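Any value given below was found using the heavy atoms of this structure, including those in side chains, with hydrogens, waters and symmetry copies removed. The structure displayed is predicted, hence computed values, not measured ones. So you know, we letter chains A, B, ... as the sequences are listed, proteins then strands, and number each from 1.
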Amino acid sequence: MGPLTRWDTHEFTAAAGTRVHAALLGPRDAPTVVCVHGLGCSHRYFLPLARALRRDARVVAPDLPGFGRTRGPSRALDVRGQSRALADWLRATARGGAVLVANSTGCQTAVDLAVHSPELLGPLVLVGPTVDRRARTLPQQVGRLLADTPWERPTLGPVLLRDWAACGARRYAATFAYLLSDPIERKLPHVPVPTVVVRGARDPVVPREWAEEVTRRLSAGRLEEVPGVGHTVNWSAPERLARIVRPLLAGEPA
Amino acid sequence: MRVRDSVVVVTGASSGIGRATALACASAGAAVVLAARRADALAEVARECEAAGGQALAVPTDVTDADAVQALARRAVERFGRIDAWVNCAAVTAFAPFLEIPLEEFRRIIDVDVMGYVHGARAALPYLRDQGKGVLINVSSVVAVVPQPYTHAYSMAKAAVRVLSASLRQELRLDGAKGVKVCTVMPPTIDTPFFDHTANYTGRKAKAMPPVYSAERVARTIVDLIRVPRREVMVGPMARNLLMQSKFAPGLAERMMGSQVDKMHLYRTKPAPATSGNLFEPAPGTGSVSGGWHGRRQTALRRVASTAALLTGGMVAARRWGR
């Protein structure tokens with residue numbers, strides 16, 4: 001393995017009633033970017049983004065309880081449980097106010113932070129925010145995820161399989177149910193920070209209509225489309241995403 | 001449960017099986033919390049664990065102090081966020097005729113070997129139950145199955161530990177705490193400094209009674225139990241043999257163990273002064289896994305010998321058959 005196929009270090013923090021694992025890459029003194037993964041995923045699928053940002057940012061990708069390398073409670077956490085765990089970890093590691101990049105259902109976790117711990121939010125990047133208000137049923141979502149597969153790079157497959165094995169079918173299903181019933185649109189107006197909504201132009205999970213609605217409901221939102229890619233922009237177009245994140249590091253307006 | 005990224009607390013981690021277990025867990029990628037009386041020995045083990053690739057936290061603890069054991073659990077959770085496995089391993093012993101061991105030393109052994117485990121279980125279980133998942137591993141001994149003369153307190157304690165595990169298993173089951181497992185490990189004679197640390201009033205030096213196995217072998221069993229918990233595990237074929245003997249010929253097993261201890265567990269020629277060993281004061285030094293009884297070599301020799309015996313037997317049988 002070359003130096004660019006691995007994270008620099010791994011960090012473990014006693015937080016949220018467990019031992020939270022986070023993977024780190026980038027210079028110590030650079031501004032921090034915290035990545036929040038989606039359902040069944042982990043820090044692993046943020047590696048390409050971390051690599052793209054390796055000169056400009058210290059990318060920190062924590063695993064939420066029950067996912068990746070962080071052990072979870074025996075019962076799955078709901079959205080509030082996850083966002084409180086994230087808040088606890090942000091406080092324990094003093095990373096509140098860092099740029100947050102969330103993918104897919106990680107966006108629900110990040111947005112839920114705005115409800116109970118808005119002071120922890122820094123500039124926010126919502127990559128493929130879920131779940132489309134008009135399709136909040138399991139068959140619709142599964143159908144859309146299947147329709148998304150041709151637009152993902154095949155290399156994502158092994159990464160996701162490994163993460164799914166780590167979280168297990170029961171936790172996956174239980175978390176999925178919580179995520180489907182999460183009214184993200186009602187929380188969006190409470191997000192007090194500049195936010196960029198990023199949508200892969202081919203993403204069937206987040207249709208343009210829904211991305212526009214999400215952007216509209218934000219108090220300071222802006223929509224960016226990345227042409228030619230699907231739902232997991234951080235894996236399939238990391239350079240494009242890095243270009244969107246970089247200006248936020250310098251504190252430029254979103 | 002995966003051992004990698006888990007948090008394992010080990011009592012008695014300064015030497016012998018506890019130390020080997022801590023090292024095995026650390027090299028499997030676990031964060032280990034080390035408890036024993038000797039701070040300097042623990043610091044040494046912590047260094048070894050970190051070199052093996054795990055994080056380590058040394059918490060000098062006397063397991064007879066219930067508050068100290070509670071504090072140990074708290075420290076573990078403060079530092080590493082959770083407890084996935086708790087290994088009760090701290091134990092002491094004495095070799096002495098029943099009427100000659102000072103009563104307070106008898107009490108001390110029960111205190112360390114039984115109450116120490118009780119304190120450990122009481123400290124660990126609230127966390128394990130809160131998480132809904134976790135393993136409590138109690139290191140007992142084959143002497144819980146076939147007791148020995150001259151080590152009454154130790155044999156009693158090890159039997160008590162086995163019963164404690166079973167009782168806790170039942171209680172957890174009744175309470176519906178399905179994810180919390182309690183396991184008993186029953187090793188035979190293990191090559192550890194245990195026999196040099198022992199209190200002794202027999203006038204004869206104690207030695208490791210053959211067959212001797214390495215502490216690493218028990219450590220492997222414990223790591224396997226964290227992965228896949230089982231009720232009770234005997235370590236090595238001799239322990240399994242003894243279990244069978246005790247079931248089918250209990251009287252014979254008892255008599256054989258008695259004379260075995262007299263012949264093989266205590267030197268006939270090497271005298272030993274009366275000592276309370278490490279009962280009240282820990283042994284000096286930074287501790288070690290092995291006690292110099294060549295556990296690994298002995299196991300290898302036994303394997304070679306039994307393979308040779310089997311082969312010879314096979315060849316003889318084949319010749320007879322062929323004729």
**Message:** Just so I understand: if I count every heavy-atom pair under 4.5 Å between each of B:R4, B:R82, B:Q55, B:K178 and chain A, which residue has the most?
**Reply:** B:R82
**Most contacts with chain A, counted as non-hydrogen pairs under 4.5 angstrom, among B:R2, B:R79, B:E78** = B:R2
**Prompt:** Can you say whether B:D130 sits under 4.5 Å from chain A via the side chain, the backbone, both, or neither, judging by heavy atoms?
**Reply:** neither
**Request:** Kindly give the heavy-atom pair with the smallest separation between B:G132 and A:S74, and that separation in Å.
**Result:** CA-OG, 3.6 Å
**Message:** Is it the case that over 12 heavy atoms from other parts of the model lie below 6.0 angstrom from the CZ atom of B:R296?
**Reply:** no
**Fill in**
In short, A:R19 meets B:D5 closest at the heavy-atom pair NH1-O, 3.3 Å
**Message:** Could you check whether atom CZ of A:R84 has more than 12 heavy atoms from other residues, nucleotides or ligands sitting under 6.0 Å from it?
**Reply:** no
**Request:** Please say whether more than 12 non-hydrogen atoms of neighbouring residues, nucleotides or ligands are located less than 6.0 Å from CD in A:E119.
**Result:** yes
**Prompt:** Is the CZ atom of A:R80 crowded by more than 12 outside heavy atoms at less than 6.0 Å?
**Reply:** yes
**A:R71 and its side-chain contact (heavy atoms from CB on, under 4.5 Å) partner, picked from B:M1, B:K133, B:Q131** = B:M1
**Asked** Which atom pair, heavy atoms only, marks the closest approach of B:G81 to A:A14?
**Response** N-CB, 3.2 Å
